[in-house]
There are 2 protein chains.
Amino acid sequence: MAQDEGIVQSVDRALTLLELMASPDDARRLSDLARRSGLAVSTTHRLLTTLERRGFALHDPQSGSWTVGQRANLVGDSFSLHGSLVVPARPILRDLRDLTRETANLGVIEAEEAVTVAQSESREIMRAIAPPGGRVPVLNSGMGKAIVATWPDAAIDTLIERQGLRPLTSHSLRSKDDVFAEIHRIRVQGFALDDEEYVIGMRCVAAPVWSEMSEAIAAVSVSGLAARLTRDHVPAIAKQVVDKAAQLTKAIGGQAATL
Amino acid sequence: MAQDEGIVQSVDRALTLLELMASPDDARRLSDLARRSGLAVSTTHRLLTTLERRGFALHDPQSGSWTVGQRANLVGDSFSLHGSLVVPARPILRDLRDLTRETANLGVIEAEEAVTVAQSESREIMRAIAPPGGRVPVLNSGMGKAIVATWPDAAIDTLIERQGLRPLTSHSLRSKDDVFAEIHRIRVQGFALDDEEYVIGMRCVAAPVWSEMSEAIAAVSVSGLAARLTRDHVPAIAKQVVDKAAQLTKAIGGQAATL
DNA sequence: AAATGTTTTCCATAATGTGGAAAGGGCGAC
DNA sequence: GTCGCCCTTTCCACATTATGGAAAACATTT
């Protein structure tokens, strides 16, 4: 009964369920999904439970209805980013890593948090390990600040109102005044510095990448141990980062906004 | 060795691979993924192949690198839509279905095509079956036209330039003039009519749903067999559709743009 | 041309997924 | 309030199906 050779039945079935959950049809209880997929109810239940434990499916016990989970959304987003941003970014990140000998990152803002979407790891033994794929409060990260600084003041204000400040280390920004002073500095300098504001012992220099529509859609950064990436080194590193960010902007046909 | 009871091992592993592919790390060849996931190479290969056949993974034979596939993107999108749009829409669509006795739909525009994201099926024996989840050229669907009509003329022009017109039936729009005449009519009337332009035998009446930022982010429609949903009925149906679209707009905190 | 590393195919083994059936819940009808 | 229906969840015996080692094909480097 193996019509398809070399593929994993249970995985194939789980994917079918994911697609059924994504379909507009509103028959989405266990028994509906079982019927629609042609699987046994118990099998369907086991597969859905598996998807749920991993956050790929979401179950509302109230109505009994199953929907696609947030994890699937995160994974899915990586597809759209990939073609338009990550692919052109990779060689540039590698260059940057080799020039600086530190870890080079590409990040975007999603759901008001900074997310790293591509990374080229430093080859040094001691290297900065920004949790890859991890989500960081925008104002605690170099990449986040680089992007936010391109926003109008009013939007930044709203952001702070909405999520407040969450100082993570003794160096983190603590007041609205701090933030605006910092934003101003970023605008003047053309790059953002995370000076042990996210994790003690790590510094990070970031610059924005611009879209065709002159929106800052991403940021390039270099992160390194504070011990090696000292304040003295920041200007030289910043020059490289700004340069590579501009190169990526060009590669994707973007254009910096005129401030 | 069953530490997790009641979950499907192979599916769990496949999900791990999906997440690894979505992670920023650029070690994404078969052997890298095997190492990172801790699975045997042959197992990893089989799982990836399974994901690939279904479009959830993408393999570039050139570089050997694996990335997340487009199917994962489509599935993932349904998550973000769900919370903000589909959930509030469901009861409204059901109402609309019961009022009109025809199939009620909610659609959005994605990648310049109209996609149905929720649906409440008519209970009649003969009912319109707009392929649910199917993608339709924007200008061949009521929902698409209802949304596009809210765009500035220049944007509509670009759209036509980019994808051309693809008449699907003898009633479809065939020239740029047709389109603009139609768009004008929609703006005046406040609803869009698909008069057998997508499939002969089906009529469809649609009205836009507005976001907080006064952008038309979706459309509500009723689709029925032309034999039952005659031209005479259109005005009455349109009133219901416009009404329900406004109700949904209100439910999501949206506001219609002032024309 | 040899050596190293990576992807793909094959196969014996038993671990793992499967679906029927029974137990457990929830909801509406009477 | 109780019964009865339908839907969800758990259980279990069975063999189908997934598994990983090894070998074969393919690429890349020295």
Side-chain angles (χ1 to χ4, degrees), chain A residues 1-18 20-21 25-54 56-69 90-91 94 98 121 123, chain B residues 1-21 25-54 56-69 90-91 94 98 123:
Chain A
M1 198 162 275
Q3 58 247 71
D4 279 295
E5 205 48 65
I7 87 163
V8 182
Q9 188 189 62
S10 52
V11 171
D12 198 59
R13 291 172 162 185
L15 298 180
T16 301
L17 290 176
L18 273 176
L20 286 178
M21 288 189 288
D25 201 314
D26 71 346
R28 21 185 9 101
R29 285 168 323 173
L30 174 62
S31 51
D32 296 323
L33 293 173
R35 183 178 37 75
R36 295 210 274 151
S37 64
L39 299 173
V41 184
S42 55
T43 303
T44 307
H45 182 254
R46 211 167 335 98
L47 292 170
L48 287 174
T49 305
T50 305
L51 291 171
E52 189 189 23
R53 293 247 183 122
R54 294 298 229 88
F56 282 76
L58 221 138
H59 186 211
D60 174 19
Q62 202 64 32
S63 63
S65 83
W66 290 85
T67 47
V68 172
R90 275 202 205 288
R94 258 185 284 253
D98 294 338
E121 269 197 42
R123 293 190 166 114
Chain B
M1 196 166 274
Q3 57 247 72
D4 280 295
E5 206 46 64
I7 85 163
V8 181
Q9 188 188 61
S10 53
V11 171
D12 198 60
R13 290 170 161 186
L15 298 179
T16 301
L17 290 175
L18 273 176
E19 293 191 330
L20 286 177
M21 287 190 288
D25 201 314
D26 70 346
R28 26 189 359 107
R29 286 168 321 175
L30 174 62
S31 50
D32 297 323
L33 294 173
R35 183 178 38 74
R36 295 210 273 151
S37 63
L39 298 173
V41 184
S42 55
T43 303
T44 307
H45 183 253
R46 210 165 337 98
L47 291 171
L48 287 174
T49 305
T50 305
L51 290 171
E52 190 189 23
R53 292 247 184 120
R54 292 298 228 88
F56 282 77
L58 221 137
H59 185 212
D60 174 19
Q62 200 65 33
S63 64
S65 82
W66 290 85
T67 48
V68 172
R90 274 202 207 290
R94 258 186 284 253
D98 294 338
R123 293 191 165 112

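Any value given below was found using the heavy atoms of this structure, including those in side chains, with hydrogens, waters and symmetry copies removed. Note that the structure is predicted; figures quoted are calculated from it, not measured.
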Specify the separation, in whole Å, of atom [atom1] of [X] and atom [atom2] of [N].
{"X": "Leu51(B)", "N": "dA18(D)", "atom1": "CG", "atom2": "P", "answer": "13 Å"}
{"X": "Leu48(B)", "N": "dA18(D)", "atom1": "CG", "atom2": "P", "answer": "15 Å"}
{"X": "Asp12(B)", "N": "dT17(D)", "atom1": "CG", "atom2": "C1'", "answer": "17 Å"}
{"X": "Leu39(B)", "N": "dT16(C)", "atom1": "CG", "atom2": "P", "answer": "13 Å"}
{"X": "Ile7(B)", "N": "dT18(C)", "atom1": "CD1", "atom2": "C1'", "answer": "16 Å"}
{"X": "Leu33(A)", "N": "dG19(C)", "atom1": "CG", "atom2": "P", "answer": "15 Å"}

Thr16(A)-Arg54(B) side chain donor-acceptor pair, cut-off 3.5 Å: yes
Touch class at under 4.0 angstrom, heavy-atom based, for Ser10(B) against every strand present: sugar-phosphate
Sugar-phosphate, base or nothing in reach of Arg35(B), heavy atoms under 4.0 Å: nothing
Backbone N/O of Val8(B) and side chain of Thr50(A): donor-acceptor pair under 3.5 Å: yes
Sidechain-backbone polar pair: Thr49(A) side chain, His45(A) backbone, donor-acceptor under 3.5 Å: yes
For Asp98(A), all residues meeting side chain to side chain contact (heavy atoms under 4.5 Å, CB included), sequence neighbours excluded: Arg123(A)
dT17(D) phosphate, OP1 or OP2, under 4.0 Å from Arg13(A) side-chain N/O: no
Note, Ser31(B) side chain near Val41(B) side chain (heavy atom, < 4.5 Å): no
Heavy-atom check, side chain of Val68(B) versus side chain of Phe56(B), under 4.5 Å: no
Base-contact (B) and sugar-phosphate-only (S) positions in nucleotides 6-16 of chain D, heavy-atom cut-off under 4.0 Å, - elsewhere: -SSBB------
